[in-house]
Amino acid sequence: MNFSEVFKQSNHLCKVSPDGKYLATCVQYRLVVRDLSTLQILQLYTCLDQVSHMEWSSDSLFILCAMYKRGLVQVWSLEQPDWHCKIDEGSIGLVSSRWSPDGRHILNTTEFHLRITVWSLCTKAVSYIKYPKACQKGIDFSRDGCYMALAERRDCKDYVSIFVCDDWHLLRHFETETQDLAGLEWSPNGCVLAVWDSCLEYKVLLYSLDGRLLSTYSAYEWSLGVKSVSWSPSSQFLAIGSYDEKVRILNHITWKKIVQFEHPATIDNTKAIVYKEVDRRPAVVSDELSLHNITMGSTLFSTQSKYEICPLPVQIPVVKPEPDRANPKIGVSVLAFSSDSRYLATKNGSFQVQSLNWHCSGDSVILLGKDQLCLCYMDTDYEEK
Amino acid sequence: MGEWRATNAYMEGPDISSISHVTLSPSRHNHVPGYSLPLSRSSYSVISAFCTEDNVPQSISYLNQELAVLGLSMCIEASSSEGASLKAVPVLNAMYELLQINKRNMCALEEMEKEQLKKLSTLEHIQISNSRLKDQLELSMREKSGLHETERQLQLKIKTLQSCLKTEKEEVQKLQSIIASRASQYSHDAKRKEREAAKLKERLSQLLVDRKERKLAIDVLNSLGRSDGKRSMWKTAKLSASHESEMYKTLLGDYETSRKALILENAELKKVLQQMKKEMMHILAPRQQSTSGATAADDSQEQVESDEEKAGNTSREALDHSCELAREQLLNSIRQQWRKLRNHVEKLDQVSQVHNQMESNKETIPLETHEDEMERMRQEVQQCREFIHAQQQLLQQQLNTSFDDETAALLNDCYTLEEKERLKEEWKLFEEQKKNFEKERKNFTEAAIRLGREKMSFEEDRAAWLKNHFLNATPFANRRRYSSSDGQSALSVRSEPEVRMSSAKAKRSKSPTYTTFSTPKPSRSSPVPSTTELYRTLRLLPDGSCSKHSNRGHWLETSTVEEGHPQIKSNLQARAGEMSIFTFGEDHSVT
């Protein structure tokens, strides 16, 4: 693996354009756009304040830079560097800002989640959406960009509104049976909306596009519930990771659990292969992870480390979280399906893995940690969890 | 009592036994006073027997002795030296003493009897109490065991209750931990909300204080076109309706695709089920046929059922696969087949288990023999291998040796000695056979010559006969014919045994049976022998050019013309039969 020179960035704002041609990075208040193949700087923009959030539009023509402290959003054009756009939320403040799927509207969430302002770059019109919910994942766009689902809370009850992204027309508005809605996610085919409750109650609700409740799933009561939810790319499976360190997979026909995966502390399943990183430098201690969750080397550019296969049974070091603290670091926090829906990568516990991403071909997965990364190639003969 | 016994034993009399009987038997309830009466009576009769006029002094001395034994000092004296009178005083004293003794004894007896009675009663009492106590003991033992049992049960109960208690405790702990985590989560959330509220309040106060509202605005250089190039539309009811319809279209499309996938899956699964069912039926059917006769009735029934099912199912399923009935039918039949298969397998398992148990001994023996045989075969194989190896070595040696010629020749001779000898033997045989052949050929030729001569003579006879016939053509031809036929028959008779012989010989050489007048058929299987040619060349056999040959095959014709030839042929056949060579050629084809 070759690495290029190091570029500066701030706030982890470094994104590749959706068409894969450009790389945008933010350094303090500057926006730098490079050509991805040559890494030559193409454009350089200056914002009014330190950029908190940066996002490409879906057609890779515009970049949004949001400055939350100032309540400003600035939009830059790649084709026309002279073009500028500045959105000032005023005294109401800004908490988050994002593009709409068509790349022509910007949705700003005001402070305290008082409302969502939809700015149109085509018509300069403004529309407001009241009572959005402040939760883990309150907004989701469907994959084809036609619909937007928004979680709302009025009078201590949760609602979901479905908007048509074309003209922000409210298609459906219905109440959900959750106590405290924590998140929602569209299925990849855009026909089913999965809605889950906060961790105090294990409840996953499935609504159809027209707002009908299709099914409810609840694995158990009283213990802490759902931590993460992920759809398979084929929309056939819904994986639910929970605080009891188990992943449950529902099927799209009956919405019943078809399989349940566990993350035991001792691995002695004969089908499992455990890779352990053995670091050549004795000074650095390497973590051990299970299955295909492998830890990384010490630094990117230093000596290589070797992965060897551990004989079963393998004992995974478990750190017991403090019982009297909220949001304990147990449970399955990251789920990722491979693109052919054959494999599911999960992260359980308090390991330093921040994200798991599959390659679109489905046979390699990249694990990102705090300061390490690991690329894992799969031999398609193996059955892995 | 013992004293009485001693004295009574001395006496001999018929009453002794009665006395002893009286004294020995412990009469429990007899009144004691009645005792003395029979005693006195009997003693009276005894005494009268004891002392007579003659033996007075002896009896006196005896009595003195006895008194001395009893401890009495007085003696009985005779008043005079003769006669039966005694001094009264000592006698009376002695009597008195004796009576006293008797009284004392009687008292003692009474007392002892009393004691005995008492003892008996106490014994009885004790026995009764003993039995009572035994019963009590048994009862208490039973009670004890019962109590043991209840104790054991209670112990068990205790254990189960303890385990229940443990589980309950664990559950309580778990619930407590859950409650704790929930409580911490709630408090965390509550705190977060409080902080937010505080921020809001702050902001509100700030805003109220500031009152310098910054208006929200957008500052764009120029409007952008829509990403899809279309114009934006007014919000109308038509638009919303179109949105609705779009949404429903997408939903329907999704349902369609999933339904199609499900139909495909269903079809696949049904196919698999059908296949499974067929295979199961197939597996069950031949097995059932091969089982013993005891279960033949059941099996045939099952088979019949399965056949019926088969017929029914195929007809139904062919009609409509999506029909509910067909589906249920299929499922039921599969379940049935599976049950049968499972039962069958279970039976087989049981049988094999029983078999194993019963024949575990038997099996060891065949195993042993099997192993022995295997060992033997292995050894054989090993030997053969060694043999082959040795042979190979020898061959190699032979090939590789570059000996000098002498030794080589010697060796060759050695190797070929056996072969030479065998060859010699075969030569001998060959020579013998050749000789035999020669002999037979000679015989043949002689026979042929004889035949020729006979033929010639026959020809002459025939010619003569024909002449006669011509010359003697009269109305009485029948008679002649008969005579000639007799002659013919004689000829035929002659030919018959030969024919039979030839037939037998032909039979020997694997020809099918035939009647005397039918032509033998082995010609087909026999090769054309060279002797026919020989004879032809020798002109012993007539050639095909002769006209008479055309009818040769017809034995049934009564003309004597043909019969001669068969005769000759049969003779030849007879001869030939010995050599198992047939003289038939192509001309002898059977009709």
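Numbers restart at 1 for each chain; the letters A, B, ... are given by sequence-line order, proteins then strands. Being a predicted model, the structure only gives us computed values, none of them experimental.
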With side chains defined as the heavy atoms from C-beta onward, is the minimum distance between B/D219 and A/H84 less than 4.5 Å?
yes
Inspect the surroundings of OH in A/Y131 and state if more than 12 heavy atoms from other residues, nucleotides or ligands are less than 6.0 Å away.
no
Within the structure provided, determine whether B/E244 and A/R172 are in side-chain contact (heavy-atom separation under 4.5 Å).
yes
Quick one: do the A/D167 and B/H243 side chains pair a donor with an acceptor below 3.5 Å?
yes
Less than 4.5 Å to any heavy atom of chain B: does that hold for the side chain of A/I253, its backbone, both, or neither?
side chain
Distance in Å, A/C191 SG paired with B/L251 CG, rounded so as to fall on 0.5 Å steps:
5.0 Å
Side chain proximity check, B/L239 to A/H169, heavy atoms < 4.5 angstrom
no
Measure the spacing between NZ of B/K249 and CG of A/L209 and express it to the nearest 0.5 Å.
13.5 Å
Can you measure from CG (A/N327) to NE2 (B/H188) and round to the nearest 0.5 angstrom?
5.0 Å
Which one of B/A183, B/S240, B/S184 has the most heavy-atom pairs closer than 4.5 Å to chain A?
B/S184
Compare all side-chain heavy atoms of B/T250 with those of A/Y147 and state whether any distance is below 4.5 angstrom.
yes
Is it the backbone or the side chain of A/L171 that comes under 4.5 Å from a heavy atom of chain B, or both, or neither?
both
With only heavy atoms counted, which part of A/N189 is less than 4.5 Å from chain B, the side chain, the backbone, both or neither?
side chain
More than 12 heavy atoms of other residues, nucleotides or ligands under 6.0 Å from CD of B/Q153: is that the case?
yes
Once you round to the nearest 0.5 Å, how far does OH of B/Y186 lie from OG of A/S198?
7.5 Å
So what's closer than 4.5 Å to chain B heavy atoms on A/W83: side chain, backbone, both or neither?
both
Crowded around B/E202 CD? As in, over 12 foreign heavy atoms under 6.0 Å?
no
Which bit of A/D144 is near chain B, if near means a heavy-atom gap under 4.5 Å: side chain, backbone, both or neither?
neither
Contact class of B/S181 relative to chain A, heavy atoms under 4.5 angstrom:
both
Over 12 non-hydrogen atoms of neighbours within 6.0 angstrom of CD in B/E346:
yes
Please identify, among B/D254, B/L262, B/I179, B/L175, the residue contributing the most non-hydrogen atom pairs under 4.5 Å to chain A.
B/D254
Residue B/K199 versus chain A: region with a heavy atom under 4.5 Å:
both
Contact origin within A/Q236 toward chain B - heavy atom pairs under 4.5 Å:
neither
Relative to chain B, which segment of A/C199 carries a heavy atom at a distance below 4.5 Å: side chain, backbone, both, or neither?
side chain
Work out which heavy atom in B/R182 is nearest to a heavy atom in A/W222; give both atom names and the distance.
NH1-O, 3.2 Å
